[in-house]
Amino acid sequence: MVAASWNTSYVFGYDDQWGGRYFFTYFSEFSPPNDRHYLLEIVLLVITFIFSIMANISIIICVTRNPEMKTVTNCFVLNLAISDVLFAFTIPVVAYTRFTRSWVFGKITCKLVPYLQFVSAMVLLWTLTFISIDRHHCIVVPPYRSNMSRLQAVGTSLLIWLIFSGLTIPVALWFKEITLEEDLMICTLVFPKSRYLIYSTMFIIIVALLACLLPMVLLVYYYHQIFRKILSTKNAWSTSCVEIKSCRTQTRRQSELSFTDILVPWSRRFSAQLSIPNSSRQGSLSTQEEIRLNKHLRAVRVLFLNVLVVLVMWLPITLMMVLIHIDGRRSNEDKGYFLRSHHFVAALSVAFINTVINPLLYGLLSDNFRNGLMKIWCIRHERVQLGDLTTPSSGRTAKMKRPSASFSERSEKFGLGLI
């Protein structure tokens, strides 16, 4: 029997540096034959793989085939879709290993699969970080436009891939096959043994810093600045009703912008119908201001919800890596291991499902992506010109006459729109 009765996910094996010790099985789990929970895992992984590939390939086609979609922000969205596809391609290996329980893909695949997963995760998080930086320049920093060209956005994306492809090379070096009894194999993480350095602790600290703390701090900072800027402009979009007391409550209710209006996808649209008699000022937003305001909100809403979903759905696998490090620092005599392989696979599956949620957010909340995806899937719909709603950093806007250039107009001019 490979696994001990007290644990199905820690098996005893031999390593050249460590000798005989217990190893965490990661993708394999040697549970009793009557334990069928892995069948549910396999079905979930297969469904996730199919929908992830279809959705992200559709996003890639949508951006590359439509000239109007080739904006700075959408170049980063394209990079997100590519990283999601690469991450999703590792799903069949995980699903098949859950079925066979023993690792059957060889040494190269054992190194390649975790390496691709780590690289994809880093690229995803840091691409979102650069999107927030670009949006910050478009909304907060005068003259309210992106400081990147499309070529620079592509170069930045390639640089992200290059940096993290290099930084995560140790993952490929440290994952290896371990031979067990009965000719069974596992693919597990084995850190180098050193008298002076604790590689496992260094690895966890670096992963937590680069994949969680640092991008999270930057994302929180930049989106806080964006929200503060949008909320601070509510006085430019709302009008006081001091002259007519009877309309004060109604106008304030319709015109003022709240934090909830920014976040929820079903937030109210602002009325442009109410006006104040015998006054040179309107009691609510003009039609042009309403259009601009809703464009601002939709752009920030899609991007922020994407960031929020990614952070929430990648948190379990990040915490799991920390727990595996803590649980695995036991001696061979201490058999109080509390983790199981299905805990790891469950956390990894949540990250896999994120590759489906990301393109769904664009498809459901972005008019441009929704129209483009509907064309790809040959669904009949009312034809909407992609240029009608400005894409970020595209520089294409509707012509509107305004007496003066406000913040909203300047940011509209330089491409703050819905992705």
Side-chain angles (χ1 to χ4, degrees), residues 51-90 116-117 119-138 145-165 215 219 298-307 309-310 313-314 351-352 354-377 386-387 389-396 415-419:
F51 281 96
S52 176
I53 296 299
M54 292 175 58
N56 285 288
I57 292 297
S58 298
I59 292 294
I60 293 173
I61 294 175
C62 184
V63 174
T64 55
R65 288 183 57 180
N66 296 295
E68 297 87 350
M69 299 290 289
K70 295 179 181 179
T71 66
V72 171
T73 299
N74 287 347
C75 287
F76 287 125
V77 171
L78 178 64
N79 200 41
L80 293 177
I82 293 173
S83 68
D84 281 343
V85 168
L86 188 63
F87 188 61
F89 273 134
T90 67
L116 292 179
Q117 291 174 344
V119 172
S120 301
M122 297 292 187
V123 170
L124 175 68
L125 292 170
W126 282 95
T127 300
L128 289 172
T129 303
F130 275 94
I131 290 178
S132 70
I133 295 174
D134 180 65
R135 292 295 87 203
H136 178 264
H137 277 87
C138 289
R145 60 179 174 182
S146 175
N147 63 345
M148 286 187 185
S149 64
R150 285 182 295 180
L151 184 60
Q152 290 173 327
V154 173
T156 301
S157 299
L158 293 176
L159 185 62
I160 294 173
W161 281 100
L162 181 62
I163 291 175
F164 290 106
S165 295
L219 287 168
R298 288 199 301 268
V300 174
R301 187 181 300 130
V302 173
L303 296 173
F304 179 76
L305 287 178
N306 188 203
V307 169
V309 168
V310 166
M313 300 189 75
W314 277 89
F352 283 142
N354 179 246
T355 64
V356 180
I357 300 299
N358 288 339
L360 284 180
L361 281 176
Y362 304 129
L364 293 176
L365 300 182
S366 167
D367 291 343
N368 283 346
F369 272 109
R370 184 166 58 250
N371 294 329
L373 293 174
M374 291 175 73
K375 289 180 180 179
I376 292 174
W377 291 102
L386 293 176
L389 292 177
T390 309
T391 56
S393 309
S394 64
R396 302 175 183 271
L416 175 59
L418 183 61
I419 61 177

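Computed over heavy atoms, backbone and side chain alike; hydrogens, waters and symmetry mates excluded.
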- [ ] Indicate the atoms forming the closest heavy-atom contact of Thr64 with Lys70, along with that distance.
- [x] O-CE, 3.1 Å
Task: Point-to-point distance, once rounded to the nearest 0.5 Å, from CG of Leu219 to CZ of Phe304 - done: 9.5 Å
Task: Nearest heavy-atom neighbours spanning Phe369 and Asn74 - done: CE1-OD1, 3.6 Å
- [ ] Taking the side chain as every heavy atom from C-beta outward, state whether Leu78 and Ile59 have any pair of such atoms under 4.5 Å apart.
- [x] no
TODO: Check side-chain hydrogen bond (donor to acceptor under 3.5 Å, both in side chains) between Ser58 and all other residues, then give those that pass, not counting sequence neighbours.
DONE: Trp377
Task: For the student: nearest non-hydrogen atoms of Trp126 and Pro215, plus distance - done: CZ2-CD, 3.9 Å
- [ ] Quick one: pull up CG in Asn147 and CG in Asp134 and give me the separation to the nearest 0.5 Å.
- [x] 6.5 Å
Open item on the list: Set out, in order, the CA-CA distance, both residues' side-chain angles and the distance that settles side-chain contact (heavy atoms from CB on, under 4.5 Å) for Phe130 and Ile160, then state yes or no.
Closed with: CA-CA 10 Å; Phe130 275 94; Ile160 294 173; 3.6 Å; yes
TODO: Measure the spacing between CD1 of Ile60 and CD1 of Ile57 and express it to the nearest 0.5 Å.
DONE: 4.5 Å
Task: Residues that Thr355 engages under side-chain hydrogen bond (donor to acceptor under 3.5 Å, both in side chains), provided they are two or more places apart - done: Ser52
Task: Gap separating the CG atom of Leu116 from the OG atom of Ser165, nearest 0.5 angstrom - done: 9.0 Å
Task: Test ring-ring contact (aromatic ring centres under 6.0 Å, His included) applied to His137 - qualifying residues, sequence neighbours left out - done: none
Task: Test side-chain hydrogen bond (donor to acceptor under 3.5 Å, both in side chains) applied to Thr156 - qualifying residues, sequence neighbours left out - done: none
Task: Counterpart residues, ring-ring contact (aromatic ring centres under 6.0 Å, His included), relative to Trp161 (two or more places apart) - done: none
Open item on the list: How long is the straight-line distance from OG1 of Thr71 back to CZ of Phe76, given to the nearest 0.5 Å?
Closed with: 10.0 Å
TODO: Using side-chain hydrogen bond (donor to acceptor under 3.5 Å, both in side chains) as the criterion, list what pairs up with Asn358, not counting sequence neighbours.
DONE: Asp84, Asn306, Asn354
Task: Backbone N/O of Val85 and side chain of Asn56: donor-acceptor pair under 3.5 Å - done: no
- [ ] Mark yes or no for whether Arg150, through its side chain, and Cys75, through its backbone, hold a donor-acceptor pair below 3.5 Å.
- [x] no
TODO: Determine the minimum heavy-atom distance between Leu125 and Thr129, stating which atoms define it.
DONE: O-OG1, 2.9 Å
TODO: Over 60° means perpendicular and under 30° means parallel, so classify the ring planes of Trp314 and Phe87, tilted if in between.
DONE: tilted
Task: Nearest-0.5 Å distance, CG of residue Leu124 to CD1 of residue Ile82 - done: 12.5 Å
